[in-house]
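Have a look at the structure below before the remarks.
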Protein chains: 2
Amino acid sequence: MRRPTIKDVASLAGVSPMTVSRVINLEPTVHADTVQKVRRAIETLHYRPDATARSLRGTRSFTIALVYDDNPNANYILSLQNGVLGACRERGYELLIYPCDPRSPRLVDELSLLAKNARLAGLVLTPPMSENARLLAKLKANDVAYARIIAARGDPKDGAPCVYVDDHKAAYAITAYLIQLGHTAIAFLWGDPHYRSSPERYEGYADAMKEHGIPVRKKYVLEGTYTFEDGFRRARKLLAGKDAPSAIFGSNDEIAAGALAAARSAGLDVPWDLSIAGFEDNPFSRQAWPALTTASQSTSEIGRHAASRLLEQLQKGTLPGSERFVPELVIRGSTAPPRAERRAPAAAGA
Amino acid sequence: MRRPTIKDVASLAGVSPMTVSRVINLEPTVHADTVQKVRRAIETLHYRPDATARSLRGTRSFTIALVYDDNPNANYILSLQNGVLGACRERGYELLIYPCDPRSPRLVDELSLLAKNARLAGLVLTPPMSENARLLAKLKANDVAYARIIAARGDPKDGAPCVYVDDHKAAYAITAYLIQLGHTAIAFLWGDPHYRSSPERYEGYADAMKEHGIPVRKKYVLEGTYTFEDGFRRARKLLAGKDAPSAIFGSNDEIAAGALAAARSAGLDVPWDLSIAGFEDNPFSRQAWPALTTASQSTSEIGRHAASRLLEQLQKGTLPGSERFVPELVIRGSTAPPRAERRAPAAAGA
DNA sequence: AGGCGGAATGGTAACGTTATCAACGGTTGC
DNA sequence: GCAACCGTTGATAACGTTACCATTCCGCCT
C-alpha cells in the first residue's frame, strides 16, 4: 500500500492536483466549498505532503537547523533543542542539528554553505555563533534567514528575529541579593570571554556593586572559563589568601559547583562560612548540597520562541521583532548572611 | 550563481549525467579514466549531490532518525546524539532527532509511519523503545531498518544491528568492589522497571552478593525511578531505620546523588559513615562532593557504533553483527571501607 | 563468419510537488 | 455592448536525480 500522493487526493476530491496544492499551502484563492472537499479527501487518505518533493520543486524548504557550540552544556543545549523542536513540529518543519566548533576558521564559510547544501529554510543560531558579526553579515549577504539567541540588555534591532536574554539584569539581581544579605566582599568568577554572556554578567555584578557603594576589587574578579574545574581552581585561590571573600558569584552553575567543591575541600561550611551563587539553573544546581542560589532561564521556552519567530518570518514574510527574557533569581541554600567575624576583615580591606 | 547540478558536472566532464550518477554512487561499472574525469569535474565545480532529489527519485534516503525518550537524561542523550551525528557526517547522512513519549499508546504506529513519512533510511533506537518487542515487530513488518542500543548480557541475535551494554557485568563489578571494601550491608536502589537496564543492574548486584555468600535482604532493595528525588526519598528511608546499610548502590548517578543528599541531610559523612555508588558516570558524578564511584559508559562511542552499524547495513546490504560495551568501574571518593562499629550491627542483622 | 556476452555508456521517463501561465464564467465600467 | 477585470481552476513543465532499458563496441566462441 503506497503512500498517497497529491494526485490521489485530487482525484478523490474531483479537482486538479494544483488545487490540492493550493489548499495545502493555505492560499486564499480557493473557494470555501472546494477547500472542504479537499480537506475531507486529505483526511480520508491520511495524506501528508512529501517534504522532499516540496523542497525540490518549490522555492521553500521545510527544514531549519539548530546551530550550537559542539562543546556544550548538555542541559542547556538539550532544553533549547526541545523548545526548537516543539516549534518545528507545530508548523510541520523538520529540524537539522548542527553542532560546530566556534573557533574553527572555516566556520563562516561552512555555515553559509550549509543553508544551500542542505536546502534549509533558515538557521537558529545560539551563542557564540549568534554573536559573530562576520558570520551574520555573510548570512545576510547570502540571503540566509536566521533567528538569534543572544545575551543582551536590549533589542539589537538588526532586522533579524532575535531572542535576547538580559543576563545583565539577572546578574545584577543576584549581586544585589548578596549585598542585601550583608555581603560586601563578593568575588566574581568570569565565564569564557568569547561568549557575550560573560561581560554582560560581569557588568551586572559590577553595576550592582557600584550602585550600592561597594567598590569592585580587582583581586575578587577572576577571569576563566565556564567550567567546573576552572571554578574550583579560582575559588581555591581566592579562599587560600588571607583576605578571602565572604561570597562568590560564579558566572554559571558549573563554576559555582566548582567553587562549592573548593569550599568544601578548604573545610568551609557553605553557606555559613561562604555564600556561593551560580547562574543558569541547570538540574545539577538543585541537586547539589547545599542547593545553589542561581538565576533560572526557561531555556526550552527561549528555544521555542526563537524558532517560532524564525518560522513566522519564513511563512509570513514579515520581520518579527525581538523578544526579551530575564532569568529569575532563585534563592536556595548556598547563600546566607556572612559571619560577623568574616565580614569584618574583608570590609576593612576594601 | 546557481548551485551546480549533475548536468553541469556531466557537460564539463564530457559524459552523460547518468555516468556522473554512477561515479557518485560508486558503481563498479565505470571505466577508471572516466571516473577520474568526473571526479575532477566535481572538484572543480564543488559539486555536492542534492539529497532532496536523490531521495525523491531514488530508492534510498540519506537521513536516519535518532529515537529517544523525551524525558531524558540530558547528558546521556546529548552524548549519544553526538556519536550518532559523527557517524552520519562521515558517511554523508543527515540526522533527524525524534524524542518521543515511550508510554504513548500511539508510539508504535507513530514510529512505524515516521520512516515512510519522513523518507528515512532507518532508525537508531534507544531504550526503552529499543526494548519494545511490539515496536520492533511492526518495524520489521514494515521493512524499516533499525539499529538498537540496549542493556543486555549477550547478543540478542535478532538479525538487526545492535549495540548491547553489559550493565549486569558492570553492576556486578561495583557490588564486588563494595564487598571487597568490607561491606555486607549493601542496599540497592532500582531504576524504572520499564527500562531493561533496571533488572540487568539489579541482577548484577544480586549475583555478586550471592556469589560472595552474602544474602540479598529485601529491606535493602527498594524499587523506584531513575531520579534524584526518588533516590533521596529511598535513601532517607533506609538511613532512618535502625538497621541502616553501610553502603548504597544507586542504579544511576541521579539516584546516587539523591542518596548523597539524603546522607548529608542525615548528618552522615560520606564515605566514612556511608559508601555510595552510582552508575553511568554523568558529569555530575565527577563534580559531586565526594565524587561518585560509578560505572563509566562511553556513551558517544555507543551512539557512533550503533549508527555506523545501521549505515553499514544500509549501504552494503549485509547484516552486521552486534557489538558489546561494558561500562568500567570508576572508583572515586564516595566509597570507603565501612566503619567497624557500623559494620558489626549490620552483619549481626544479616 | 556469425553470433553471443560482457563492459561501458547513454536516452528516457519518472519520483511528488509547485511556478507559471492560460482559461473560464461572471461581473463591472464606460 | 465590448473591454477590462476578478475569482477560481486547470494544464504544463520543471526541480535534480536515478531506475530501467537500449546501445555501442569489443573480444571470443563455435
Side-chain angles (χ1 to χ4, degrees), chain A residues 2-39 41-42 45-63 92-94 116-121 314-315 317, chain B residues 2-39 41-42 45-63 92 94 116-121 314-315:
Chain A
R2 216 177 78 272
R3 234 185 112 177
T5 74
I6 203 170
K7 288 180 192 166
D8 302 322
V9 176
S11 56
L12 179 59
V15 297
S16 78
M18 208 41 236
T19 301
V20 178
S21 172
R22 291 192 177 99
V23 172
I24 295 166
N25 293 292
L26 304 175
E27 288 177 29
T29 70
V30 187
H31 194 91
D33 297 350
T34 314
V35 172
Q36 286 307 312
K37 275 193 302 185
V38 172
R39 288 255 164 83
I42 289 176
L45 298 174
H46 297 105
Y47 167 75
R48 305 273 306 147
D50 183 315
T52 307
R54 295 230 276 179
S55 65
L56 177 57
R57 172 55 209 182
T59 317
R60 296 170 303 161
S61 139
F62 299 88
T63 306
Y93 276 70
E94 303 285 2
K116 304 287 169 205
N117 283 338
R119 285 181 184 272
L120 295 182
L314 291 170
Q315 292 183 315
Chain B
R2 217 177 78 272
R3 233 184 113 176
T5 75
I6 203 170
K7 288 181 192 166
D8 301 323
V9 177
S11 57
L12 179 59
V15 297
S16 79
M18 211 37 239
T19 302
V20 178
S21 173
R22 291 190 177 100
V23 172
I24 296 167
N25 294 292
L26 305 174
E27 286 176 30
T29 70
V30 187
H31 194 92
D33 297 350
T34 314
V35 171
Q36 286 307 312
K37 272 192 303 184
V38 172
R39 287 254 165 81
I42 288 176
L45 298 175
H46 298 105
Y47 167 76
R48 304 271 309 146
D50 182 314
T52 306
R54 295 229 276 179
S55 65
L56 177 58
R57 172 58 210 180
T59 318
R60 297 170 305 161
S61 138
F62 299 87
T63 306
E94 303 286 3
K116 304 289 171 205
N117 283 338
R119 285 182 184 272
L120 295 181
L314 291 171
Q315 291 183 316

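All values below come from the heavy atoms of this structure, side chains included, with hydrogens, waters and symmetry mates left out. In what follows, chains are A, B, ... by sequence order, proteins preceding strands, each numbered from 1.
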- Task: Please report the shortest heavy-atom distance between B/Ile6 and B/Pro17, naming the atom on each side.
- Result: CD1-O, 3.6 Å
- Query: Would you say a side-chain N or O of B/Ser21 is under 4.0 Å from OP1 or OP2 of D/dT17?
  - Reply: no
- Task: Give a yes/no answer on whether the side chain of A/Ser16 brings an N or O atom under 4.0 Å of OP1 or OP2 in D/dA11.
- Result: no
- Query: Could you state the NZ-P distance from A/Lys7 to D/dG10, rounded to the nearest angstrom?
  - Reply: 15 Å
Could you pull out every donor-acceptor pair under 3.5 Å between side chains of residues 29-37 of chain B and any protein atom, sequence neighbours left out?
none

- Item | Nearest-nucleotide comparison on DNA chain C, the residue closer to the 5′ end among A/Arg60 and B/Pro17 | B/Pro17
- Find the distance between CZ (B/Arg48) and CD1 (B/Ile24) and round it off to the nearest 0.5 Å. 10.0 Å
- Starting at CZ of B/Arg57 and ending at C1' of D/dT18, how long is that distance when rounded to a whole Å? 5 Å
- Please state how far atom CE in B/Met18 lies from atom C1' in D/dT18, giving the value in whole angstrom units. 5 Å
- Just to confirm, is there a sub-4.0 Å distance from OP1 or OP2 of D/dT18 to any side-chain nitrogen or oxygen of B/Arg22? no
- Nearest heavy-atom pair of A/Pro49 and A/Arg54: which atoms, and what distance? CB-NE, 3.9 Å
- Task: Identify whether any heavy atom of A/Phe62 sits under 4.0 Å from a base atom; if not, whether one sits that close to sugar-phosphate; answer base, sugar-phosphate or nothing.
- Result: nothing
- Distance (rounded to the nearest 0.5 Å) between A/Asn117 CG and B/Arg3 CZ: 5.0 Å
- Looking for any heavy atom pair under 4.0 Å, which part of the strands does A/Thr34 touch: base, sugar-phosphate only, or nothing? sugar-phosphate
- Item | Sugar-phosphate, base or nothing in reach of A/Thr59, heavy atoms under 4.0 Å | sugar-phosphate
- Query: Can you give the first and last nucleotides of DNA chain C, 5' to 3', that have an atom under 4.0 Å from a heavy atom of chain B?
  - Reply: C/dA8 to C/dG16
- Between D/dT17 (P) and B/Ile42 (CD1): distance, integer Å: 10 Å
- Item | Side chains of A/Lys7 and A/Val20 in contact at under 4.5 Å (non-hydrogen atoms) | no
- Task: In whole angstrom, give the distance that lies between atom CD1 of B/Ile6 and atom P of D/dA14.
- Result: 19 Å
- Message: At 4.0 Å (heavy atoms only), tell me whether B/Thr29 reaches a base, stays on the sugar-phosphate, or touches nothing.
- Response: base
- Item | B/Ala121 versus B/Leu314, closest heavy-atom pair with distance | O-CD2, 3.3 Å
